[in-house]
Number of protein chains: 2
Amino acid sequence: MDILVGLAAVIVALDGDRPLVRLARSDGTLPPALPFGPLDPVRHRTLDSGLRAWVEEQTGLTLGYVEQLYTFGDKGRDPRERQGGPRVLSIAYLALTRAAEAADRDWHDWYDFFPWEDRRAGRHALLDQVILPGLAQWAAAGGAEGERRRQRIELAFGTGDAAWDGEKVLERYELLYEAALVAEAAPQAALAGRAMRLDHRRILATAIGRLRAKIRYRPVVFELMSEHFTLLQLQRAVEALGGERLHKQNFRRLVEQTGLVEGTGRRESQTGGRPAEQFRFRRDVLLERPAPGVAPRPRRG
Amino acid sequence: MDILVGLAAVIVALDGDRPLVRLARSDGTLPPALPFGPLDPVRHRTLDSGLRAWVEEQTGLTLGYVEQLYTFGDKGRDPRERQGGPRVLSIAYLALTRAAEAADRDWHDWYDFFPWEDRRAGRHALLDQVILPGLAQWAAAGGAEGERRRQRIELAFGTGDAAWDGEKVLERYELLYEAALVAEAAPQAALAGRAMRLDHRRILATAIGRLRAKIRYRPVVFELMSEHFTLLQLQRAVEALGGERLHKQNFRRLVEQTGLVEGTGRRESQTGGRPAEQFRFRRDVLLERPAPGVAPRPRRG
DNA sequence: TCCATTATGCTCATATTTAGCATTATATAT
DNA sequence: ATATATAATGCTAAATATGAGCATAATGGA
């Protein structure tokens, strides 16, 4: 049995307050998929450069920030394996880029695939209407496993003592998968969010979780911002990625005290209110000291 | 050109205050290597289970905590490629286990490979005697790249404004590699730490960095502790992994306020002073709420 | 001119972290 | 026995960080 090694890319961009992910071009008959391509051991000297190369070929995008996410290799990921196809390994990458116009049909709001992950306007209605009841039913049907299932649900969805943790995107998706509430697991049900091909929604979930964790510790949001931005635009970006609203004055204080941005003196007057100062990322900080993130970090208690 | 996919394991255990890593059995003629084995697409249904299976076969160890680290795939990782061998990908895992007796020759103190990473007795002498002078020379020889190199050194080794960051193990190793201060890059020099085969020291560096980050956010140290332990033993464990000394009273408070441990009422009298209470890990917390780590977290400023 | 809207400055209360002092309980040396 | 070294444990003052919200400033449009 052969092994086929591929590279998959979760390419993220922002359009204002919409987090976008780049999809592979498709004829529309199959569910959407992430851009992916085989690893060419001759041409690709490193995995990173291989990824950059075929992403540029396929999409015309030049990637800036690129980070290896995870290697997916479970048997049965690709249904063609069952017809004697090779075992398919995918080395998944997270990439951030500025070059996105939401108008482009290849870019897609990632919350279409994970509506419950967007809590900026409060908990999503789907949670109470479909997801939690469905999960509760699955737990109840679990026999001896039931209690364990209930605990996993509480932890992942923050229903018990625990609070909602934005980083647990994958844990939540996996519960929905096991409970057959997503179309990838049960095509007839198709209850929660839009499906993707193969295990690509799992890969996207991994990427969102990782990115949400990352913005807390490293100044990666700026890879997604244009050169100049107001603090509210920056806040909207962080909120878009994190899926949660932030306190405006505290966000401002947080960002200012990190020293990651500097005012440009320019003003933005399309704010709908008092004009805001435009800021820019101080690229130098990356050379001066380990630079932190601009999203609030979880508390310990 | 073919691709060969292997699994590599960084298996960590603790012997009191010595962090140990499991090495592959060897005839002694080659530099030490990590345990590794090919991925068998027929027998191994998942990458994790494949790893567990051959680690158990090869070493007799049953792994508890296992986490995928990184997939290494640069051309030239394995020198046999140059003689027409296949491109070798290694999916590296971090595994934690209790089962270690330091007496066993297959276990090795990881600081033998990274002496400069152990700062429990202060900065290592090697830093001032060999490493920093060597790096400074490399930067000076860098021409236009020189300034950039100096900044990377400052950031990685905390020589400028920045403080030493225990997590940057890989960054430091890579600088030493580029500056040809490690035997993997310049066999005749062999200045800093003991060498390993192929890029295994890079893999180990990745693992140490990841583990140091992880203990701050998740209660993984307990995977390395025996059932009962005193708070000082726990502190020594965290210090061993982190390579830095901690404030005793504050560590105690930190651990107690997380609710991760509970006293057993038993005492340990081999302390050399007043007997200490023995604690145990409250496994339940993992089911109750997202459990934090027991190492201090970096500050933002 | 008034109002809605956003920007920005500032304060207060509460947590968390750092650094240490002080006291308690053992084992060992004198 | 008594002193001494060593470690465990309790506690606190000061510095920082975080959460929540009040107040004022500057716009455009009704």
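Naming: A, B, ... by sequence-line order, numbering from 1 per chain.
- A straight line from CZ of F251(A) to P of dG9(C) spans 15 Å, rounded to a whole angstrom.
- In summary, R210(A) and E167(A) do not engage in a salt bridge, as defined by a charged side-chain N under 4.0 Å from a carboxylate O.
- Counting to the nearest Å, the P atom of dG21(D) and the CZ atom of R252(A) are 19 Å from each other.
- With the nearest nucleotide of DNA chain D identified for both N250(A) and A276(B), A276(B) has the one nearer the 5' end.
- The phosphate of dT18(D) (OP1 or OP2) has a side-chain N or O of Q257(A) nearer than 4.0 angstrom.
- The CZ atom of R297(A) sits 11 Å away from the P atom of dG19(D) (whole-angstrom rounding).
- In this structure, the CD atom of Q278(A) is 17 Å from the P atom of dT6(C), given to the nearest Å.
- Classification of K214(A) and E67(A) as a salt-bridged pair holds, one side-chain N sitting under 4.0 Å from a carboxylate O.
- E117(B) has a carboxylate O that lies under 4.0 Å from a charged side-chain N of R212(B), or vice versa, which qualifies the two as a salt bridge.
- E256(B) places its CD atom 15 Å from the P atom of dT16(C), with the value rounded to the nearest Å.
- Under 4.0 angstrom from either OP1 or OP2 of dT6(C) there lies no side-chain N or O belonging to K248(A).
- You'll find the side chain of R172(A) reaches within 4.5 Å of the side chain of F157(A), heavy atoms only.
- Distance, R253(A) CZ to dG9(C) P: 13 Å, rounded to whole Å.
- Among the heavy atoms of the strands lying under 4.0 Å from Q249(A) is at least one base atom, whether or not backbone atoms are also near.
- Less than 6.0 angstrom separates the ring centroid of H108(A) from the ring centroid of F113(A).
- Rounded to whole Å, atom C1' of dT17(C) lies 6 Å from atom CZ of R299(B).
- For residues 224-246 of chain B, proximity to DNA chain C is found at no residue, defined as any non-hydrogen atom under 4.0 angstrom from a strand atom.
- Per the geometry, NE2 belonging to H247(A) stands 14 Å off P belonging to dT18(D), to the nearest Å.
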Whether each nucleotide of nucleotides 24-30 of chain D has a protein heavy atom under 4.0 Å at its base (B), only at its sugar-phosphate (S) or at neither (-) is summarised, 5' to 3', as -BBB---

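- The line from CG of L94(B) to CD1 of I203(B) is 12.0 Å long, rounded to the nearest 0.5 Å.
- Salt-bridge check for E256(A) with R253(A): failed, with every basic side-chain N at 4.0 Å or more from each acidic carboxylate O.
- With ring centers used as reference points, Y93(A) lies 6.0 Å or more from Y65(A).
- Between D109(A) and R18(A) there is a salt bridge, since a side-chain N of the basic residue sits under 4.0 Å from a carboxylate O of the acidic one.
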